[in-house]
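In the text below, chain A, chain B and the rest are named by the order of the sequence lines, each starting its count at 1. If you're wondering where the values come from, they're calculated on a predicted model, not measured in any experiment.
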Number of protein chains: 2
Amino acid sequence: MSAKRAPDADPARSLALLWSSHSRPGRSGLTVRAIIEAAIGIADTEGLDAVSMRQVAERLGVGTMSLYTHVPGKAELTDLMVDTAYGRLYDDVDAPAAQPGGWRGGMEFVAARNWDLYRRHPWMLQAPGGRPVLGPNAVLKYEAELRPLDGVGLSDVEMDSVLALVLTHVEGTARLGASMARAQQDSGMNETEWWTVNAPLLDKVMDASRFPVASRVGEAAGREHQGAADPAHALAFGLARILDGVAALIAGR
Amino acid sequence: MSAKRAPDADPARSLALLWSSHSRPGRSGLTVRAIIEAAIGIADTEGLDAVSMRQVAERLGVGTMSLYTHVPGKAELTDLMVDTAYGRLYDDVDAPAAQPGGWRGGMEFVAARNWDLYRRHPWMLQAPGGRPVLGPNAVLKYEAELRPLDGVGLSDVEMDSVLALVLTHVEGTARLGASMARAQQDSGMNETEWWTVNAPLLDKVMDASRFPVASRVGEAAGREHQGAADPAHALAFGLARILDGVAALIAGR
DNA sequence: ACGTCGTACCGTACAGCGTACGGAACAGTT
DNA sequence: AACTGTTCCGTACGCTGTACGGTACGACGT
């Protein structure tokens, strides 16, 4: 009954690596930093599935097994990739708080930046989630994103909850966007094309009268969004509702 | 430059299979339905990673390649698994709309049911997302979940947006919950244990004075939730804010 | 009753994955 | 110059999804 079944990252190993200095100890110039960067490069252009230890090693001109001198395994490498990507979110810890529009402007900025991050690095959404990362950049991100909420009338626990709510929403809509982009890419059809091709089959097989509300609403939404869903619209609409709800919470004191 | 790189499901094949009758054409009694059920059984108890074609075949007492007579490939099988799981959400199409508390009560019911679904079948959150499923049960789910929102003062497009917002929130918090449960399971420590073990290391390496807000809020939230995060609380808090925001949208007409 | 044909079943094989293991080669210290 | 510790990496194992081709059965026409 060994624990090998689920190849999750060892959190302690990840933690140590994340906070270590990533110095260059090797004689071939191989570095943890370089490994991470190569892996991210592959993931950005070919997706997370294409990131194999062999591919990373080849890109670095190095034997596959040499990677294991610097990194415990693939799961921990993924953790490092994620934290590194977080590092590119904000130039300054005060960027969100410095935004105009108070806490609401700050949260909208946070949402937009995270959205961009996921659009540039869709592989982050495919990364299997073990324990959340907790590297230096993740902590910095947390600090930066909490600051706009400080001193606006929320308790500490509520600040955390509000931020988590916004981030969950962005991640969810970004996931939708990524899967649609992916589907579009490897089917070669965009949303509208795919629907005009497959609509007859669906109409034939699914009796619209059994689903009156669904067919009416689905058609209206499909026309409006030019497809089954519009991630950008979902992001904006949801964020507006969420921030309205938070405003009500703050005002109701 | 073939399209084999990303083994996503062929949507047209999935569609056809999803809406076909799943009759038993074989001489060994092997059925699409049986394959799906076996796969779900494995996924429920051992996770989606453990669902390999060989494992499924073995559970059915059948040669591995026989599965391919009934199912085009693993990606399409995953689509079938998801739609089948959707089928267990509501006994009746009117269950959400029949809930007390108007549209709000309906949405809370929808959220609770989806939450339960993800708790019982966490593998649904690991399923790689190509184009969304669109099987018969998914359509039925869509119909059932839209009905509480019908005739409350929302446009058709807004009904779709509100539902998507709620579902995205539930899925996101459920994902958090699943990853925490998984981390807890294969580390053998619960949240509090893990934190008391690893807190010293983190304290040593991370300078709390650089992250004043994060450390203050993080500590408060950690104490409140007895861990890094509390998925159930995140679900309730977020849902309340979201529905408040939707109420404001409806009232502001 | 018997040949014929379509198709369900499945054994073998291949390319790719993560990584355990052990040997070789080099750096630094004594 | 010899020893020691670390870095580098070739080989091998068990696993994955599935392409291909052979076999054997059920049904149907005569």
Taking only side-chain N and O atoms of [X], does any of them lie within less than 4.0 angstrom of OP1 or OP2 on [N]?
X	N	value
B:T64	C:dC10	no
B:S28	C:dA8	no
A:S52	C:dC17	yes

Partners meeting ring-ring contact (aromatic ring centres under 6.0 Å, His included) with A:H121 (sequence neighbours left out)
A:W123

Interface with DNA chain C, restricted to residues 66-78 of chain B and to heavy atoms under 4.0 Å:
B:S66, B:T69, B:H70

Does a salt bridge link B:D116 with B:R113, judged by any charged N lying under 4.0 Å from a carboxylate O?
no

Would you call A:D49 and A:R182 a salt bridge, taking side-chain N to carboxylate O under 4.0 Å as the test?
yes

Could you tell me whether the side chain of A:Y90 reaches within less than 4.5 Å of the side chain of A:L140, counting heavy atoms only?
no

Less than 4.5 Å apart, side chain to side chain, heavy atoms only: is that true for A:H70 and A:T31?
no

Remember a base hit wins even if backbone is also touched, and classify A:V51 as base, sugar-phosphate or nothing at under 4.0 Å, heavy atoms.
sugar-phosphate

Can you work out whether A:R54 or A:L30 has the more 5'-proximal nearest nucleotide on DNA chain D?
A:L30

A:E58 CD to D:dC9 C1', in whole Å, measures 15 Å

Rounded to whole Å, please give me the gap between CG in A:L60 and P in D:dC8.
11 Å

If a pair satisfies side chain to side chain donor-acceptor pair (under 3.5 Å) and one of its residues is in residues 55-66 of chain B, list it, with sequence neighbours excluded.
none

Name the closest nucleotide to the A:M65 side chain, picking from D:dC8, D:dC9, C:dT12.
D:dC9

Closest approach to the side chain of A:M53, judged atom by atom: which nucleotide of C:dG18, C:dA20, D:dT18 is it?
C:dG18

Counting distance alone, no hydrogens or angles: does the base of C:dA8 have a donor or acceptor under 3.5 Å from a partner atom on the side chain of B:R27?
yes

